[in-house]
Amino acid sequence: MKTTSRSNLDSLARQSDWPSVSIYLPTHRSGSEGHAGKVRLKKLLNEANDRLAARGVRPADARDILAPVGAYIDDQAFWKKQSDGLAIFVSPNGLHTFRLMSHFEDLVVVNSRFHIAPLAALPHADERFFILAVSKNRVRLLEADRSRATAVDVPDLPASAEESLHYDQPSTTRQFHTALLGRGMSKGAAYHGDGSFAEEAKSELLEYFRIIDRAIHPTLRDQSAPLVFVGVDYLDPIFRAANTYAYLADRHVPGNPDRWSEEQLREKAWLCVQDHFDAPCEKAIAEYGQRVAEDRASDDLQAVLMAAAEGRVETLLFDATQHRWGKWDGERLQAHFHHERRDESDDLLDLAIWQTLMHNGSVYAVRPEQLPARAPCAALFRYSFAAAK
C-alpha cells in the first residue's frame, strides 16, 4: 500500500497506458465489515468489465487486466487491514493500491491514464512535520501529518534528563533543574537555593538540549519538514538556543508532554504548522480576483483546459465533489461537454488536474463556496492568454 505523497501522485499521473482502470470505493476499518467491501468491489469490477467492453476491449483482455484486482475479493488478510477508503489502479503495466483515511463515492473510470482527482483532493503525506516532546522523564521524536503520528527510533536520544546529565548525586541545583523541566518557571513553583542556581540550572538545560539536538541531527539532517517543540513554556527559548535544525516552527506546544498520547501530541502540534501548509492555497484564493482583472485567471473550464494543455496553469483550485463529463479535442484545444456521462466520456475536471500536474503546477481541493459562482474549478495562470500569443 502506498501513501498519497506528491511524488506518488505525480508518478501515478505520468503513467499512460490503454486501458487504465481506476476504481474508488468506501471501506471500513473494522474487519467485521469486510464482507460488505467484497460485495462492493465485486460489483465495481463488473462495472469495470462493462466499461472496458463498451470501449472496445476484448473480453479476454479485460479479464487479464482485472484479474489482480479480483484476487482481492477472497483475500481475508486484505479486508482485515482496511481504512476509510480504497483506491485501486490497474493497467497492463501493473497494479497500484491505496488504503486511505478518506471516504470515496463508488467510481469506475476507464481511460488511457488513471483518474487522479479524488487522490489530488486528499491531504498528502508531503505535509509532514516532526514533533519533539521533552520533559525531565521522557524525550520523544515523532513524525506526523494531518492524520497520524508515528514514533521515530533515534539512536542515542536520551531517555531523560537524569540519564543525559548523569545525575548520580543529589543537590539543590538538581532539584531546581528538574523542577524547571517538570513545571516551568511558574509563580507557585518552589525552588531551592539562591539566584545563582537559576543560571546554573539554565546552563544545564542548555547542555541537555544540545545533547538532544546532536542525537536528532542525523535523522533530520536531510529534511525540510517543520519541527514543533513540545514542553513547558520556560524550556522553549532554551531549546531554541541549542537547536541547529533550520526548520524549527515559530510556535511551540506548551505543557508537560508526559500526559499526552502520540495522537494528542499530533493534534496540538498540527495547530502550530497548519498555516504553513495551508498558506499557498489561501494565497491563491486571495489573489484570484486581482489575477482575473489582469487576465491571468479564469473559472471557465474550457479556458482552464486550454491553459492547462499549454502549461500556463500555475495553481488550480477545484471542487472535489464535482465531475464534468465530456471529450477533449487536443488538436483544436476544444472541450465538448456531455450533459450525462456516456461510455466514451472523460472527466474533464480530472483532465485539468492531470494537465496541471504534468506541467508542474499546484492543485488544491477547496470548499465549493471558495470558488467563484460555485464553478467546478478556478485557475491562476503563469501569464495571460494575450502574452501566450
Side-chain angles (χ1 to χ4, degrees), residues 9 12-26 37-73 85-98 103-121 300-302 304-306 308-309 316 318-358 363 375-377:
L9 183 63
L12 199 65
R14 292 182 187 281
Q15 297 184 39
S16 179
D17 193 21
W18 173 258
S20 294
V21 181
S22 306
I23 301 173
Y24 291 87
L25 65 153
K38 296 177 187 179
V39 172
R40 191 182 294 272
L41 180 57
K42 188 172 183 179
K43 178 182 175 182
L44 293 174
L45 277 173
N46 289 335
E47 180 182 342
N49 190 72
D50 291 343
R51 292 195 178 280
L52 286 166
R55 300 290 291 267
V57 178
R58 295 186 306 168
D61 292 338
R63 284 195 299 271
D64 288 344
I65 292 167
L66 298 177
V69 185
Y72 286 144
I73 293 176
L86 184 62
I88 302 174
F89 306 93
V90 65
S91 75
N93 282 329
L95 173 71
H96 309 272
T97 306
F98 294 78
H103 287 283
F104 296 119
E105 64 173 5
D106 289 347
L107 182 66
V108 175
V109 177
V110 174
N111 208 329
S112 58
R113 56 179 176 79
F114 293 128
H115 184 87
I116 59 172
L119 286 190
D300 178 76
L301 185 52
Q302 166 66 52
V304 171
L305 284 165
M306 182 183 298
L316 180 69
F318 70 99
D319 178 358
T321 67
Q322 296 199 45
H323 301 283
R324 285 294 186 271
W325 301 106
K327 293 297 291 184
W328 173 251
D329 185 337
E331 292 185 3
R332 295 182 175 83
L333 298 182
Q334 179 67 44
H336 303 279
F337 296 97
H338 300 161
H339 294 296
E340 296 180 350
R341 185 180 183 182
R342 305 174 188 172
D343 289 335
E344 73 275 14
S345 293
D346 295 330
D347 187 346
L348 298 180
L349 182 55
D350 181 76
L351 176 63
I353 294 168
W354 178 77
Q355 288 277 23
T356 299
L357 291 175
M358 290 302 93
V363 296
C377 66

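These figures come from a predicted structure and were not determined experimentally.
Formation of a donor-acceptor pair under 3.5 Å by the Asp17 side chain with backbone atoms of Ser20 is not found in this model. With Gln355 contributing its side chain and Ala309 its backbone, the two residues share no donor-acceptor pair below 3.5 Å. No donor-acceptor pair closer than 3.5 Å links the side chain of Tyr72 to the backbone N or O of Leu41.
Between Phe89 atom CZ and Leu95 atom CG the span is 10.5 Å, to the nearest 0.5 Å. Put simply, CG on Asp350 and CD on Gln322 are 14.0 Å apart, with the number rounded to the nearest 0.5 Å. To the nearest 0.5 Å, atom CD1 of residue Ile116 and atom CG of residue Leu9 are 5.0 Å apart. Rounded to the nearest 0.5 Å, atoms OG (Ser91) and CZ (Phe114) are 4.0 Å apart. To the nearest 0.5 Å, atoms CZ (Arg63) and CZ (Arg58) are separated by 10.0 Å.
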### Message
Assess the residue pair Val21 and Val109 against the criterion (side chain to side chain contact (heavy atoms under 4.5 Å, CB included)); give the C-alpha distance rounded to whole Å, side-chain angles, the decisive distance to 0.1 Å, and a yes or no.
### Response
CA-CA 6 Å; Val21 181; Val109 177; over 6 Å; no
### Message
Pair Leu348, Leu305 - check side chain to side chain contact (heavy atoms under 4.5 Å, CB included), show working.
### Response
CA-CA 8 Å; Leu348 298 180; Leu305 284 165; 4.0 Å; yes
### Task
Would you sort out whether Leu45 and Ile73 count as a side chain to side chain contact (heavy atoms under 4.5 Å, CB included), showing the intermediate values?
CA-CA 10 Å; Leu45 277 173; Ile73 293 176; 3.7 Å; yes
### Message
If you apply the rule side chain to side chain contact (heavy atoms under 4.5 Å, CB included), what do you find for Ile88 with Leu86, and how did you get there?
### Response
CA-CA 7 Å; Ile88 302 174; Leu86 184 62; 3.9 Å; yes
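With a 4.5 Å cut-off on side-chain heavy atoms, Asp61 and Pro92 do not count as touching. No side-chain heavy atom of Asn111 sits under 4.5 Å from any side-chain heavy atom of Pro19. In this structure, the side chains of Leu107 and Ser22 stay at 4.5 Å or more apart for every pair of heavy atoms.
Centroid-to-centroid, the aromatic rings of Phe98 and Tyr24 stay 6.0 Å apart or farther.
For the pair Arg113 and Asp346, the salt-bridge criterion is not met [side-chain N within less than 4.0 Å of a carboxylate O]. For Asp347 and Arg324, the salt-bridge test fails: no basic side-chain N is under 4.0 Å from an acidic carboxylate O. A salt bridge links Glu47 to Arg51: one of the charged nitrogens lies within less than 4.0 Å of a carboxylate oxygen. With salt bridges taken as basic N to acidic carboxylate O contacts below 4.0 Å, none links Asp343 and Arg55.
Residue Leu119 comes nearest to Ala87 through the heavy atom pair CD2-CB, 4.3 Å, listed as atom of the first residue, atom of the second, then distance. Contact between Val304 and Ala352 at its shortest, heavy atoms only, is CG1-CB, 4.3 Å. Closest approach of Leu66 to Asn49, counting heavy atoms only: CD1-N, 3.8 Å. Taking all atoms of both residues into account, the shortest heavy-atom contact from Ala48 to Val110 is O-CG2, 4.4 Å. When all heavy atoms are compared, the tightest approach of Pro118 to Phe104 is CB-CE2, 3.9 Å. Nearest heavy atom pair, residue His96 against residue Gln15, reads NE2-OE1, 3.1 Å.
For the residue pair Thr321/Asp319, the side-chain donor-acceptor check at 3.5 Å is satisfied.
Listed by first and then second residue, the ring-ring contact (aromatic ring centres under 6.0 Å, His included) pairs involving residues 324-345 are His323-Trp325 (not counting sequence neighbours).
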